[in-house]
Amino acid sequence: MTTPVKLIRTKRFGDDRGWFSETYSEAKLTGLGITDRFVQDNQSFSKFAGTIRGIHFQRPPHAQAKLVRCVRGRILDYAVDLRRGSPTYGRHVAAELSAENGDQLYVPVGFGHAFVTLEPDVEVAYKVSDVYAPDCDGGVLWSDAAIGIAWPLPPGGPTLSAKDAQLPTLAQFESPFDYDGAPLEPL
Ligand SMILES: Cc1cn([C@H]2C[C@H](O)[C@@H](COP(=O)(O)OP(=O)(O)O[C@H]3O[C@H](C)C(=O)[C@H](O)[C@H]3O)O2)c(=O)[nH]c1=O
């Protein structure tokens, strides 16, 4: 059983002009066992290093899988296992995504998603497998010791939204997701 979260490397074809890359390929994703139908592209810009967005998910019936890449600057991208009954519940994996490395993180339904920017002026682009449904918006607190993410933060602390600052901890949270048999493994 392979880990449900996948780090996807993309090939760049370099020449004297620069490079070309296929950043989305349904065929390649299917070959990796990723069969979600992505229906929306999102992009966010974060001005400051140390900006945290997350830990977010959407509840069913509008739960979202995500395919995340950083198109400007660098981020550490996180997926947190929120599936009831999972042996790795509350555990996370992380990957550095950057405009430079072109790597992508696949975050399946059942996982919270968050990132922290590693420099100013960062842009993150990601595909989601269901439409935005604010009534289904959910999240858990970035700083929850039970999740234990060691965020790389600037001396002044993180920049985050008021909404994110008051998300519930894992202990206060009732997961809407069920375990599907694939434990979270290191990327
Ligand atoms: C997510 C979303 C937001 N919005 C609007 C709602 C707000 O007026 C504004 C900012 O939304 P929010 O503060 O939720 O954006 P982020 O904090 O970047 O949240 C996202 O960042 C983390 C890392 C995620 O994984 C989610 O995709 C998403 O929750 O955009 C939309 O119109 N459509 C959308 O799909």
Side-chain angles (χ1 to χ4, degrees), residues 4-5 7 38 40-60 62-84 86 88-101 103-177 184 187:
V5 179
L7 180 61
F38 292 103
Q40 181 175 304
D41 277 344
N42 295 337
Q43 188 159 336
S44 66
F45 169 73
S46 300
K47 281 183 229 160
F48 309 111
T51 298
I52 292 176
R53 294 178 186 254
I55 304 169
H56 297 160
F57 57 85
Q58 285 194 171
R59 289 181 170 76
H62 293 289
Q64 295 172 320
K66 296 168 185 167
L67 184 62
V68 187
R69 65 195 182 104
C70 181
V71 295
R72 183 174 167 194
R74 294 183 304 134
I75 63 170
L76 268 181
D77 205 45
Y78 299 87
V80 181
D81 189 351
L82 297 177
R83 300 167 298 169
R84 277 184 303 232
S86 169
T88 50
Y89 184 77
R91 302 267 296 276
H92 68 276
V93 289
E96 181 170 322
L97 308 181
S98 67
E100 183 67 31
N101 69 24
D103 290 350
Q104 302 183 11
L105 194 66
Y106 170 69
V107 181
V109 165
F111 286 76
H113 176 237
F115 64 80
V116 61
T117 59
L118 299 177
E119 55 191 65
D121 300 334
V122 164
E123 294 193 48
V124 176
Y126 51 107
K127 292 184 173 300
V128 291
S129 66
D130 209 307
V131 295
Y132 178 52
D135 294 347
C136 297
D137 199 26
V140 286
L141 190 65
W142 68 279
S143 57
D144 187 350
I147 298 172
I149 293 177
W151 303 91
L153 296 178
T159 298
L160 66 154
S161 67
K163 179 184 81 168
D164 287 354
Q166 53 196 331
L167 288 169
T169 63
L170 216 48
Q172 296 164 335
F173 160 70
E174 177 76 35
S175 172
F177 304 112
L184 183 60
L187 290 176

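Looking at heavy atoms from C-beta onward, E174 lies in side-chain contact with R84 at the 4.5 angstrom threshold. Side chains of R83 and T88 form a contact here, defined as non-hydrogen atoms less than 4.5 Å apart. By the 4.5 Å heavy-atom criterion applied to side chains, S98 and D103 are not counted as neighbours. Using a 4.5 Å heavy-atom cutoff, the side chains of I149 and V80 are in contact. Proximity of L105 to L187: side-chain heavy atoms (C-beta onward) are separated by under 4.5 Å at one or more points. Contact of the L170 side chain with the Y89 side chain is registered, since non-hydrogen atoms from C-beta on lie closer than 4.5 Å. You'll find the side chain of P120 stays beyond 4.5 Å of the side chain of F48, heavy atoms only. Side-chain contact between F111 and P4: present, with at least one pair of heavy atoms (C-beta onward) separated by less than 4.5 Å.
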Fill in: Intermediate values then yes/no, side-chain contact (heavy atoms from CB on, under 4.5 Å), V122 and T51
CA-CA 9 Å; V122 164; T51 298; over 6 Å; no
Fill in: Criterion side-chain contact (heavy atoms from CB on, under 4.5 Å) on L7 and L97, from CA distance to verdict
CA-CA 9 Å; L7 180 61; L97 308 181; 4.0 Å; yes
Practice prompt. Mind running side-chain contact (heavy atoms from CB on, under 4.5 Å) on S86 and L184 for me, showing each step along the way?
Written response: CA-CA 9 Å; S86 169; L184 183 60; 5.9 Å; no
Discussion item. Would Y78 and I147 count as a side-chain contact (heavy atoms from CB on, under 4.5 Å) here? Give the steps.
Written reply: CA-CA 11 Å; Y78 299 87; I147 298 172; over 6 Å; no
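Every residue was checked against the side chain to side chain donor-acceptor pair (under 3.5 Å) condition with H92, not counting sequence neighbours, and none meets it. In this structure, R59 has no side chain to side chain donor-acceptor pair (under 3.5 Å) partners at least two apart in sequence or on a different chain. Every residue two or more places apart in sequence or in another chain that forms a ring-ring contact (aromatic ring centres under 6.0 Å, His included) with F177 is listed here: F57.
In this structure, Q172 places its CD atom where more than 12 heavy-atom neighbours from other residues, nucleotides or ligands lie under 6.0 Å away. Around the CD atom of Q43, the shell of radius 6.0 Å holds more than 12 heavy atoms that belong to other residues, nucleotides or ligands.
Closest approach of D144 to A171, counting heavy atoms only: OD2-N, 4.4 Å. Residues L167 and H56 share a closest heavy-atom pair of CD1-CD2, 4.1 Å.
Atom NE2 of residue H113 and atom CD of residue Q64 lie 11.0 Å apart, to the nearest 0.5 angstrom. Of the inter-residue distances, the one linking L153 atom CG with W142 atom CH2 reads 5.5 Å to the nearest 0.5 angstrom.
A donor-acceptor pair under 3.5 Å is absent between the side-chain atoms of S161 and the main chain of R53, judged by distance alone. At least one donor-acceptor pair under 3.5 Å links the side chain of Q58 to the backbone N or O of V131. In this structure, S129 contributes its side chain and F38 its backbone to no donor-acceptor pair below 3.5 Å.
Looking at R74 and E96, a side-chain N of the basic residue comes within less than 4.0 Å of a carboxylate O on the acidic one, giving a salt bridge.
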